[in-house]
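Have a look at the structure below before the remarks.
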Amino acid sequence: MLKYRLITGSLLVIFLILLATCDQRFTGAESPLARGLLLLIAACLLAVPLLALEVTVILRRLGNRASGWVAVVGSSALCFTMWWSVDPASSDSTLLQQLPMLTLAVVVALSFIDACGGRRTQGILMEVTGTLFAVIYAGGLMGFWLMLRQEVGAWVIMGAILTVKMADIGAYTVGCSIGRTRLIPWLSPKKTWEGLIGGIVFATVTGGVMAAATANLTDDAHTISIAQGVLFGFFAAWTGLFGDLVASAMKRDARIKDSGGMLPGLGGIVDTLDSLLLSAPLAWCLLG
């Protein structure tokens, strides 16, 4: 298991580095391509649809017949409109800012239409709620990363992602080494207070280092100070933990260990991105 985790994790890191390099070099500034376009394509055509599908599968195991196709299309559309709503090149920002809310309204309407396709009323409200949750969880939270990309360089995004993941690594390393005091045993028995402290230290240090390093990798006017990086790292350890606990709660409710098996050694998309999703609004607020 550890071997597959290392291989899959390494491949994902290489992919993210290549994606960040290409996005930083070929989008925005003097390029004809819109800022963050490559990150947008990777998110809306790959990560977000797969994430939404996994959430709907979990919901269906709980008896909620959430609409898979509405969740996939709606989450990608929401992610796209959030990115577009902060386009610095647009002259009509007021209209663009309303697009994410309009997208959610359309999602609700399509969910009702799809739920009524079987000419029944029982469970419709739960189905619509489940579909809306999948759209917001997958597309809405991921959209914050793309909104941040409109304001900072791609390397800042990668630095923030690494900071969040270093909290996971720190918590795992310290927790396995000296962890004794259980954090929330009824929800996630393996998490400890010692691991949480380790995650905070790892993320705080990484946040400061990444802020200093990325300032030399981008030509954007908007740079991240070391204080911002440290502050983000501290709070990212908490939001990352909360995101992991949310995913754990969903999986325990559905009585499954992993959200999927798409990524050998890591589980599914939800298992891999859980900490990043809840940290996205924090990154947008503190680093944007």
Side-chain angles (χ1 to χ4, degrees), residues 1-2 4-13 16-17 20 47 51 137 141-142 144-145 148 155-214 224-252 257-259 263 265-288:
M1 179 64 70
L2 179 60
Y4 291 117
R5 180 185 291 267
L6 291 174
I7 293 174
T8 304
S10 299
L11 291 176
L12 286 176
V13 169
L16 286 175
I17 291 175
L51 184 60
Y137 184 79
L141 293 178
M142 187 68 75
F144 281 103
W145 286 112
L148 180 62
W155 283 112
V156 174
I157 304 294
M158 293 301 111
I161 291 175
L162 178 59
T163 299
V164 176
K165 283 303 179 181
M166 283 302 291
D168 292 344
I169 294 173
Y172 178 81
T173 303
V174 175
C176 289
S177 302
I178 61 174
R180 296 294 182 272
T181 310
R182 301 300 177 185
L183 186 63
I184 309 179
W186 59 270
L187 180 57
S188 187
K190 294 183 179 180
K191 286 183 172 52
T192 63
W193 283 102
E194 293 85 356
L196 173 59
I197 294 173
I200 292 174
V201 173
F202 272 54
T204 301
V205 173
T206 303
V209 172
M210 288 297 102
T214 53
I224 305 301
S225 68
I226 295 179
Q228 277 181 289
V230 169
L231 188 65
F232 171 72
F234 176 81
F235 286 109
W238 292 92
T239 56
L241 171 66
F242 185 66
D244 185 84
L245 292 175
V246 168
S248 295
M250 290 193 296
K251 290 184 291 184
R252 280 186 173 275
K257 182 179 183 296
D258 296 320
S259 63
L263 300 173
L266 297 179
I269 305 299
V270 173
D271 298 313
T272 306
L273 300 181
D274 51 10
S275 58
L276 291 174
L277 292 173
L278 270 294
S279 298
L282 175 71
W284 182 63
C285 290
L286 291 184
L287 305 181

Close side-chain approach of Leu277 and Leu51, heavy atoms under 4.5 Å: yes
Lys165 side chain reached by Leu276 side chain, heavy atoms, under 4.5 Å: yes
Any donor-acceptor pair under 3.5 Å from Thr239 side chain to Ala236 backbone: yes
Leu278 and Trp238, any side-chain heavy atoms less than 4.5 Å apart: no
Spatial distance of atom CD (Gln228) from atom CG (Leu286) [nearest 0.5 Å]: 7.5 Å
From CA spacing to verdict: side chain to side chain contact (heavy atoms under 4.5 Å, CB included), Leu183, Ser188: CA-CA 8 Å; Leu183 186 63; Ser188 187; over 6 Å; no
Check: Asp271/Ser259 side-chain N/O donor and acceptor closer than 3.5 Å: yes
Heavy-atom side-chain contact between Leu245 and Lys191 under 4.5 Å: yes
Val246 side chain reached by Asp274 side chain, heavy atoms, under 4.5 Å: no
Val174 vs Val201 side-chain heavy atoms within contact, under 4.5 Å: no
Other residues, nucleotides, ligands: >12 heavy atoms within 6.0 Å of Ile226 CD1: no
Distance in Å, Met158 CE paired with Ile17 CD1, rounded so as to fall on 0.5 Å steps: 9.5 Å
